Amino acid sequence: QVQLVESGGGLVQAGRSPRLSCAASECTFTSYAIGWLRQAPGKEREFVAAIRWSGGRTYYADSVKRRFTISRDNAKNTVLLQMNSLKPEDTAVYYCAARGPGGSDYRVGDYDYWGQGTQVTVSS
């Protein structure tokens, strides 16, 4: 059973640079990639960023490219999402999720295991 626990959310001012953390169980070593996805009020869940557990290749949604950085610490089984220059439209519940091989890093439905989510609210 893959277990994922997010932390680091909260209320932040626009322009700030908080960091989200995803602590993964050791079972995640069998996962192919870890992603961050988000869901804003009244909107569908959407892809934000992903990183391949082996090799570290990264993928980003256009809306966060050059502002957000995803990274991993294999020794600590942790995936981080550094968010820079936050905007009010980044307000959402942010989820950490894991998926196996096959499918797409960009497709929400291809992620098999999910954390409980952490709220990020950006004030203007």
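If you read the sequence from its start, that first residue is 1, and numbering goes on from there. None of the values given here were measured: they were computed from a predicted structure.
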With sequence neighbours excluded, residues passing side-chain hydrogen bond (donor to acceptor under 3.5 Å, both in side chains) with Ser17 =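 If we apply the side-chain hydrogen bond (donor to acceptor under 3.5 Å, both in side chains) test to Ser17, skipping adjacent residues, the hits are Asn84.
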
List the atom of [X], the atom of [Y], and the distance in Å for their closest heavy-atom pair.
X      : Y      : result
Ser123 : Leu11  : CB-CD1, 4.3 Å
Thr78  : Ser21  : CG2-OG, 3.3 Å
Ala50  : Tyr111 : CB-OH, 3.5 Å
Ser124 : Pro88  : CB-CG, 3.9 Å
Tyr60  : Ala49  : CD2-CB, 3.7 Å

Does the side chain of [X] reach to within under 4.5 Å of the side chain of [Y], using non-hydrogen atoms?
X     : Y     : result
Phe68 : Leu86 : yes
Cys96 : Ile34 : yes
Leu20 : Ser7  : no

Should the heavy atoms of other residues, nucleotides or ligands under 6.0 Å from CD of Glu44 be counted, would the total exceed 12?
->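 Open.
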
Just wondering, more than 12 heavy atoms not from Lys65 lying within 6.0 Å of its NZ?
->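 Check passes, neighbour count above 12.
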
Name all residues meeting the salt bridge (Lys or Arg N to Asp or Glu O under 4.0 Å) criterion together with [X]; count only those two or more places apart in sequence or in a different chain, and write none if there are none.
X      : value
Lys87  : none
Asp105 : Arg52, Arg99
Glu89  : none
Arg67  : Asp90

Do the side chains of Trp36 and Phe47 join up, straight or via other hydrophobic residues, at under 4.5 Å, putting them in one cluster?
->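 Cluster IDs for Trp36 and Phe47 differ.
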
Do Leu37 and Met83 sit in the same hydrophobic cluster, where Ile, Leu, Val, Met, Phe, Trp and Tyr count as joined when their side-chain heavy atoms come under 4.5 Å apart?
->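 No: no chain of side-chain contacts under 4.5 Å links Leu37 to Met83.
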
Can you spot which of Arg38, Gln39, Gln119 makes a side chain to side chain contact (heavy atoms under 4.5 Å, CB included) with Tyr94?
->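 So the option named by the test is Arg38.
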
Could you point out which residue of Leu80, Leu81, Val64 forms a side chain to side chain contact (heavy atoms under 4.5 Å, CB included) with Ile70?
->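 That would be Leu81; it is the only one of Leu80, Leu81, Val64 passing the side chain to side chain contact (heavy atoms under 4.5 Å, CB included) with Ile70.
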
May I ask you to decide if Gln116's main-chain N or O and Glu6's side chain share a donor-acceptor pair within less than 3.5 Å?
->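 Between the backbone of Gln116 and the side chain of Glu6 there is a qualifying donor-acceptor contact (under 3.5 Å).
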
Does the Arg72 side chain pair with the main chain of Ile51, one donor and one acceptor, at a distance under 3.5 Å?
->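 No: the side chain of Arg72 does not pair with the backbone of Ile51.
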
Which residues pass the ring-ring contact (aromatic ring centres under 6.0 Å, His included) test with Tyr59, sequence neighbours left out?
->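 Testing Tyr59 for ring-ring contact (aromatic ring centres under 6.0 Å, His included), a comparison that skips the adjacent residues, returns Tyr106.
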
Under the side-chain contact (heavy atoms from CB on, under 4.5 Å) criterion, do Trp114 and Val108 qualify, and how do the steps go?
-> CA-CA 11 Å; Trp114 293 80; Val108 173; 3.8 Å; yes

Has Arg45 got its NZ or CZ under 6.0 Å from the middle of the six-membered ring of Tyr95, at an angle within 45 degrees of the ring axis?
->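 Yes, a cation-pi geometry.
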
I need the [X] [atom1] to [Y] [atom2] distance, nearest 0.5 Å.
X     : Y     : atom1 : atom2 : value
Ser54 : Tyr32 : OG    : OH    : 8.5 Å
Thr91 : Lys43 : OG1   : NZ    : 10.0 Å
Ser63 : Glu46 : OG    : CD    : 5.5 Å

